[in-house]
Protein chains: 2
Amino acid sequence: MEQRQKSELTKALILNESFKLFYENGFKTTSVDKIMKATKLTKGAFYHHYKSKKELGVEVISTHIQKRVYEGMIKPLYEEGNALELLENTFSGRLKSFSIYDKAHGCPMNNFINEIADEEQAYQIALKRIIEEWKAALVHLLERGQQEGSIIMTIAPKAIAIYLISAFEGVRGIRKLYNDDQILNDYMSGLSLYLTQLKA
Amino acid sequence: MEQRQKSELTKALILNESFKLFYENGFKTTSVDKIMKATKLTKGAFYHHYKSKKELGVEVISTHIQKRVYEGMIKPLYEEGNALELLENTFSGRLKSFSIYDKAHGCPMNNFINEIADEEQAYQIALKRIIEEWKAALVHLLERGQQEGSIIMTIAPKAIAIYLISAFEGVRGIRKLYNDDQILNDYMSGLSLYLTQLKA
DNA sequence: CATAAAACATACTAGCCGGTATTTTTTTAT
DNA sequence: ATAAAAAAATACCGGCTAGTATGTTTTATG
């Protein structure tokens with residue numbers, strides 16, 4: 001195989017396996033050994049491609065997790081149609097699309113935020129970038145709704161955006177405590193009601 | 001010193017130091033050695049009072065963290081006065097009362113939930129109990145508001161309660177990414193707006 | 001086809017981890 | 001005063017940790 005291609009494939013393999021293990025067991029408790037066992041390669045290969053576990057952590061966040069949030073929660077916001085309906089469909093639809101596995105392990109981004117964001121600026125910056133992109137998309141959509149006359153003018157888009165993100169990330173964590181979806185249903189009722197009250 | 005008193009004092013010391021270290025550095029990465037170094041006692045003392053680190057974890061949750069959430073977020077909800085004002089004062093007031101240290105490290109309960117709730121039922125149960133108590137207090141207050149005619153009848157108290165809790169816990173995590181309070185101010189604006197729209 | 005560089009493997013280190021076994025010190029009950 | 005029991009200290013274990021040093025194999029290039 002071509003050298004460059006081989007290198008990229010190996011890095012992608014490490015990235016995929018480490019994302020999965022971080023998601024299932026947390027960042028701190030997932031060792032480089034465990035990751036490389038999953039890839040069926042060795043520690044030598046890891047430290048050839050990454051200079052430290054921290055570097056890997058940042059890369060998992062800024063590629064894998066970023067893409068995941070973008071595809072699931074940001075991209076849909078730029079579609080056409082009524083702003084409030086788009087919001088409800090995106091937030092509720094995402095929750096409904098989750099498997100039991102996803103529900104049990106919460107939001108990968110939120111897990112990272114709560115586990116390691118307060119102890120290393122590099123993680124902080126990478127995670128912040130995702131939140132800011134998400135917030136910008138929400139603000140954009142809310143402003144569009146206001147311009148189109150479908151959302152009341154008395155609200156501050158930025159505040160609503162933060163409140164929407166907070167509640168979503170919050171409930172993804174709280175769901176971990178339960179073995180059923182009642183909490184998600186309650187959340188979705190709460191969200192629905194919230195959005196209804198923004199209707200012009 | 002009396003034996004019983006001494007034992008209780010030692011357990012309280014272990015509990016205090018471990019809460020602090022769990023809060024600052026996470027549960028998994030705080031070792032029994034580190035905790036006992038903080039208490040200036042030894043490992044022998046620890047394993048005399050606790051049969052495992054897991055047992056300590058559960059006790060920290062069901063005593064220390066439970067009390068903290070109760071005092072800060074639940075007890076105030078049972079005070080007299082307008083329901084919506086009580087809600088806003090409790091949620092916003094709590095955020096405003098936090099030190100930089102508290103803001104940087106997020107909510108101890110939420111940290112536990114996101115770090116270890118998905119891997120051990122004992123933690124899950126202890127944490128769930130706190131959330132349920134909080135939820136019950138919120139539902140009670142919202143129902144009182146409805147009975148008194150200060151909150152619209154078209155909302156489902158349980159759904160609102162979950163949405164309020166989710167957003168609060170969510171923002172405590174997201175705040176970790178920032179070094180200023182703008183995100184908290186945005187959250188408080190969002191909350192205020194939300195509550196205004198529940199007004200009868 | 002030789003040489004260099006990249007990709008990966010093997011073997012190792014010092015230190016930390018939760019937990020245990022054993023001993024010493026302190027308190028209690030008689 | 002003394003024996004028993006509780007509290008705490010000491011010393012240890014096997015296994016895991018991030019990271020390093022040094023090999024071997026594969027690919028690229030002249």
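Every chain is numbered from 1, with letters handed out A, B, ... down the list of sequences.
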(message) As an exercise, state the distance from CE of A/Met36 to NZ of A/Lys34, rounded to the nearest 0.5 Å.
(response) 15.0 Å
(message) Angle between the two end axes of the helix from C/dC1-D/dG30 to C/dT30-D/dA1, five base pairs per end, rounded to 10 degrees?
(response) 10°
(message) Between the side chains of A/Arg129 and A/Glu133, is the shortest nitrogen-to-carboxylate-oxygen separation below 4.0 Å, so that they form an ion pair?
(response) no
Within less than 4.0 Å of OP1 or OP2 of [N], is there a side-chain N or O belonging to [X]?
| X | N | value |
| --- | --- | --- |
| A/His48 | C/dA7 | yes |
| B/His49 | D/dA8 | yes |
| B/Thr42 | D/dA8 | no |
| A/Thr10 | C/dC8 | yes |

To the nearest Å, give me how far apart [atom1] ([X]) and [atom2] ([N]) are.
| X | N | atom1 | atom2 | result |
| --- | --- | --- | --- | --- |
| A/Ile35 | C/dC8 | CD1 | P | 16 Å |
| B/Met36 | D/dA7 | CE | P | 13 Å |
| A/Tyr50 | C/dC8 | OH | C1' | 15 Å |
| B/Leu56 | C/dG19 | CG | P | 11 Å |
| B/Leu41 | C/dT26 | CG | C1' | 14 Å |
| B/Gln5 | C/dT28 | CD | C1' | 14 Å |

(message) With no hydrogens and no angle check, just 3.5 Å: does a side-chain donor-acceptor pair link A/Ser99 and A/Asp102?
(response) yes
(message) Side chains of A/Tyr101 and A/Glu24 only: does a donor on one sit below 3.5 Å from an acceptor on the other?
(response) yes
(message) When you group the ILVMFWY residues by side-chain heavy-atom contacts below 4.5 Å and let the links chain together, are B/Phe112 and B/Tyr70 in the same group?
(response) yes
(message) Which residue is it: A/Asp180, A/Asp181, A/Asp186? I am looking for the one with a salt bridge (Lys or Arg N to Asp or Glu O under 4.0 Å) to A/Arg175.
(response) A/Asp181
(request) Report the relative orientation of the aromatic rings in A/Trp134 and A/Phe168; use parallel for angles under 30°, tilted for 30 to 60°, perpendicular for over 60°. (result) perpendicular
(request) Can you sort out the partners of B/Lys11 under side chain to side chain donor-acceptor pair (under 3.5 Å), two or more places apart, ordered by chain and number? (result) none
(request) Would you give a per-nucleotide map of nucleotides 17-30 of chain D, 5' to 3', where B means the base has a protein non-hydrogen atom under 4.0 Å away, S means only the sugar-phosphate does, and - means neither? (result) SBBB-----SSS--
(request) Give a yes or no answer on whether the side chain of B/Lys176 reaches the backbone of A/Asn114 with a donor-acceptor pair at less than 3.5 Å. (result) yes
